[in-house]
Amino acid sequence: MDVIKGDGSLLTEIDLAPANDHQAVIQNIAVILDTVQGSCPMFRDFGLPGSLYGRPQPVVENILVGYLYDQIEEFEPRAQVADITFEHDAATGRTIPIIYLEEVETDNE
């Protein structure tokens, strides 16, 4: 089971030619988690909604769960999500999504 934390730590060194499909899927999900909707020209539906900033954490978590499942299903269908949890950074007030992948489908399977 793979764990992807949406704190941007996986994007410090983006690999433009990942060694295999598994690494590509994990990197793609990390990009989804770190992108604000509307920030990609010609691809405005990609990412998480910026309208959630400043809203109460329970509201953000409930809305984000649906968005995360939809975004991963649409933009990275090779990943099967097992669970989504959240971590809170009290210093910044940031809600950090954590994605648990059940399986990653690759062309080799």
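Residues take their numbers from the sequence shown, with the count starting at 1.
By the side chain to side chain contact (heavy atoms under 4.5 Å, CB included) test, T92 is found to be paired with D89, R94, residues two or more places apart in sequence or in another chain being considered. Legend: residues meeting side chain to side chain contact (heavy atoms under 4.5 Å, CB included) with Q80, ordered by chain and number and at least two apart, are E102, E103, E105. For P49, the side chain to side chain contact (heavy atoms under 4.5 Å, CB included) partners are Q37, S51, L52, Y67, not counting sequence neighbours. Residues passing the side chain to side chain contact (heavy atoms under 4.5 Å, CB included) test with M1, sequence neighbours excluded: A82, Y100. Shown here are the salt bridge (Lys or Arg N to Asp or Glu O under 4.0 Å) partners of E87, two or more places apart in sequence or in another chain: K5.
Q27 contributes no side-chain N or O that, together with a main-chain N or O of P18, makes up a donor-acceptor pair within less than 3.5 Å. Counting only distance, with no hydrogens or angles, the side chain of Q71 and the backbone of D45 share a donor-acceptor pair below 3.5 Å.
The shortest distance between side-chain heavy atoms of I29 and D2 does not fall below 4.5 Å. Counting only heavy atoms from C-beta outward, the side chains of I26 and Q23 never approach each other to under 4.5 Å. At least one side-chain heavy atom of L68 sits less than 4.5 Å from a side-chain heavy atom of L33. Considering only heavy atoms from C-beta on, V81 comes within 4.5 Å of L101 through its side chain.
Under the 4.5 Å side-chain contact rule for hydrophobic residues, F86 and Y69 share a cluster. Transitive grouping of hydrophobic side chains (ILVMFWY, heavy atoms separated by less than 4.5 Å) keeps I84 and I98 in distinct clusters.
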| task | List the steps and the verdict of side chain to side chain contact (heavy atoms under 4.5 Å, CB included) for I4 and L10. | result | CA-CA 8 Å; I4 304 167; L10 290 175; 3.6 Å; yes

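Annotation for V25 and A79: closest pair CG1-CB, 3.8 Å, computed over non-hydrogen atoms.
Grouped with I32 in one hydrophobic cluster are L11, I14, L16, V31, F43, F46, F75, the linkage being side-chain heavy-atom contacts under 4.5 Å among Ile, Leu, Val, Met, Phe, Trp and Tyr residues.
Separation of atoms CG (D7) and CG (D34) is listed at 8.5 Å; rounding is to 0.5 Å.
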